[in-house]
Amino acid sequence: MFNFMKKWTNSEQLNETITIEQIKQHEIPKHIAIIMDGNGRWAKKRSLPRMAGHHEGMKVVRKITKLANELEVKALTLYAFSTENWKRPKTEVDYLMKLPEQFLSTFLPELIEENVRVQIVGDSSKLPNHTLQAVQKAMKETEQNTGLILNFALNYGSRAEIIHAVQQIAQEYKEDAISLDQINEDYFSDKLMTKGLEDPDLLIRTSGEIRLSNFLLWQLAYTEFWFTDVLWPDFNEQHFLTAIHDYQQRGRRFGGI
Ligand code: IPE
Ligand code: IPE
Ligand code: MG
């Protein structure tokens, strides 16, 4: 391998096998965010309905959650449904809204056992009752857990989140509860739905799309990005370890030298 190629060739293409032990020797990203994309294309390739791809994708959520917890990642934020995903056919939206229940009815005992804490970000007021109830039950039953925070972005849109934060701050200012110079980056961050979570260190997007699709626009300001053509239902532990391995090779400067 020529040296100049190494710069932009990631280990996925180098076909190295990365082990958990190897990864644990270096800094593990504290917060990992994932845009789980490509379920529909995975199904299409197999002439299956799109729902089959979503179902398969759910199993990957389980695998990656387990591994993240084992690696002692503090938070894993998974983009499960965007504010724009309501544009999809009703049958698909209905199916996607049943997935949290399906996932939790199977895996909640396991999450409890593994000390995982379930949380959500997004506008939950628009979720069907059955979806919200399943998620709230999981949040309640895991609220004392101290391991990985498994944070589902459900009906999440970053622009809506930012507007909501601005409205809250404007209201406080109007009521003379705060002064202008109190409004700083920390104050603003605390008005976002990710309050209490550190900004992601690593963002992964599957399926070959190179965009953010309205995900965590404020929070990703200094995040390392890792894109792969692998479709979400095909994403596995080795891909996850490779993403972290690549992250560990990067020099984060935050504007410094
Ligand atoms: C990601 O897969 C899951 C959601 C957006 C809910 P897609 O359903 O977007 O799959 P593609 O992008 O059509 O392949
Ligand atoms: C982003 O994927 C949202 C989720 C993964 C939940 P989309 O498939 O909705 O994104 P676009 O439409 O390709 O940008
Ligand atoms: Mg998609």
Side-chain angles (χ1 to χ4, degrees), residues 31-65 68 75-104 106-107 118-128 130-132 134-135 138 149-163 192-194 197 200 202-220 223 225-236 239-240 243:
H31 183 179
I32 301 177
I34 308 183
I35 304 177
M36 312 182 287
D37 199 11
N39 296 351
R41 277 163 282 172
W42 182 92
K44 196 171 177 204
K45 265 171 58 182
R46 290 163 178 75
S47 308
L48 294 168
R50 293 177 60 83
M51 323 300 158
H54 296 315
H55 184 79
E56 198 64 25
M58 190 175 71
K59 300 185 200 161
V60 180
V61 170
R62 179 198 183 193
K63 280 198 280 194
I64 298 306
T65 300
L76 180 67
T77 297
L78 301 178
Y79 207 3
F81 192 91
S82 76
T83 47
E84 288 72 34
N85 287 148
W86 297 105
K87 290 179 195 160
R88 297 186 178 201
K90 185 175 183 303
T91 45
E92 182 168 349
V93 169
D94 287 349
Y95 187 83
L96 288 169
M97 287 299 154
K98 282 195 192 109
L99 274 187
E101 283 151 277
Q102 255 193 55
F103 176 79
L104 293 165
T106 322
F107 301 128
V118 177
Q119 293 189 348
I120 51 167
V121 286
D123 180 1
S124 54
S125 72
K126 304 258 169 24
L127 298 176
H130 61 95
T131 314
L132 188 58
V135 181
I149 294 173
L150 176 59
N151 186 29
F152 287 105
L154 255 186
N155 191 25
Y156 174 84
S158 189
R159 287 187 169 182
E161 176 190 39
I162 289 171
I163 294 294
L192 297 174
M193 292 160 173
T194 47
L197 292 175
L202 172 64
L203 170 83
I204 296 172
R205 182 169 189 153
T206 58
S207 91
E209 309 300 353
I210 315 290
R211 55 174 171 263
L212 293 179
S213 303
N214 203 13
F215 192 45
L216 303 174
L217 302 178
W218 169 275
Q219 296 88 337
L220 296 175
T223 301
F225 289 3
W226 193 86
F227 296 101
T228 176
D229 288 341
V230 173
L231 304 172
W232 178 250
D234 290 327
F235 191 79
N236 61 29
H239 297 121
F240 191 64

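When a ligand or atom number is given, it counts from 1 through the structure's own listing order.
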Assess D37: does it contribute an N, O or S atom lying under 2.8 Å from the Mg ion (ligand 3)?
yes
Is the number of heavy atoms from other residues, nucleotides or ligands under 6.0 Å of K126 NZ greater than 12?
no
S213 N/O under 3.5 Å from ligand 2 N/O
yes
Short version for A80: what comes under 4.0 Å of ligand 2, heavy atoms counted, is backbone
Counting heavy atoms under 4.0 Å, the part of M36 that contacts ligand 1 is backbone
With only distance considered, is Y79 within less than 3.5 Å of ligand 2 through an N or O on each side?
no
Quick check: S82 and ligand 2, any N/O pair under 3.5 Å apart?
no
Looking at R46 and E56, is there a salt bridge between them, counting it only when a charged N and a carboxylate O are closer than 4.0 Å?
no
Going by heavy-atom distance to atom 2 (O) of ligand 2, choose the closest among R211, R205, E209, E84.
R205
Short version for R88: what comes under 4.0 Å of ligand 1, heavy atoms counted, is side chain
Examine ligand 1 and decide if any of its atoms is less than 4.0 Å from a heavy atom belonging to G38.
yes
Check whether any protein heavy atom sits under 4.0 Å from atom 12 (O) of ligand 2.
no
Closest non-hydrogen atoms of L217 and R159, given as atom of the first, atom of the second and distance, are CD1-CG, 4.0 Å
